[in-house]
Amino acid sequence: ENVIADGFNIYPNPFSDKLTVTKSNEGEWKMILRDVSGREISRQSIVLPKTEIGLNELSSGIYFAEFNNGQTAFIKRIAKL
């Protein structure tokens with residue numbers, strides 16, 4: 001199922017090797033990926049309206065993706081198969 005929030009569409013969820021993030025308008029955001037204990041796994045810049053994020057090296061499990069552009073932030077739960 002796709003995760004849609006604040007104009008973002010994050011798919012597929014669950015994912016196997018990469019996530020695609022789209023948003024209706026352009027912009028540069030940071031994506032911080034954390035495990036269930038809150039430990040930071042990765043931090044990267046994403047440029048919208050569309051970007052693909054390779055996450056093949058992650059272990060299977062639940063993660064939290066925080067999106068932040070300096071003014072707005074939100075967190076989405078994602079799962080790796």
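Proximity of a side-chain donor or acceptor of T22 to a complementary backbone N or O of P49 within less than 3.5 Å is not detected. The closest donor-acceptor contact from the side chain of N13 to the backbone of A79 lies under 3.5 Å.
The CD1 atom of I32 sits 10.5 Å away from atom CD of Q44, with the distance rounded to the nearest 0.5 Å. Distance check: S24 OG to K50 NZ gives 14.5 Å after rounding to the nearest 0.5 Å.
Between the side chains of K30 and S45, at least one donor N or O lies within less than 3.5 Å of an accepting N or O.
Side-chain atoms of M31 and E66, non-hydrogen and from C-beta on, never get closer than 4.5 Å to each other. Side-chain contact between I53 and I46: present, with at least one pair of heavy atoms (C-beta onward) separated by less than 4.5 Å. Annotation: side chain of L48 is not in contact with side chain of E26 (no heavy-atom distance under 4.5 Å).
Minimum interatomic distance between K80 and S59 (heavy atoms only, all atoms of both residues): CG-O, 3.7 Å. Closest non-hydrogen pair, D35 versus I41, comes out as N-CG1, 3.7 Å. Contact between N56 and S16 at its shortest, heavy atoms only, is OD1-O, 4.1 Å. Here the closest non-hydrogen pair linking Y63 and L58 is OH-CB, 3.9 Å. Summarising the geometry of I10 relative to F67, their closest heavy-atom pair is CD1-CE1, 3.6 Å, with the distance given to 0.1 Å. Residues F15 and I78 come closest through the heavy atom pair CE2-CD1, 3.8 Å.
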Review point. Given the rule in the side chain to side chain contact (heavy atoms under 4.5 Å, CB included) test, do D17 and L55 qualify, once you have shown the distances and angles that lead to the verdict?
Key: CA-CA 5 Å; D17 59 347; L55 297 170; over 6 Å; no

Review point. For N68 and F74, what are the C-alpha separation, side-chain angles and deciding distance, and is it a side chain to side chain contact (heavy atoms under 4.5 Å, CB included)?
Key: CA-CA 7 Å; N68 187 326; F74 66 93; over 6 Å; no

Exercise for review: Take N9 and V21 through the test side chain to side chain contact (heavy atoms under 4.5 Å, CB included) and record every step on the way to the result.
Suggested key: CA-CA 6 Å; N9 188 6; V21 180; over 6 Å; no

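When hydrophobic residues (I, L, V, M, F, W, Y) are linked wherever their side-chain heavy atoms come within less than 4.5 Å, the members clustered with F64 are V36, I62, I75.
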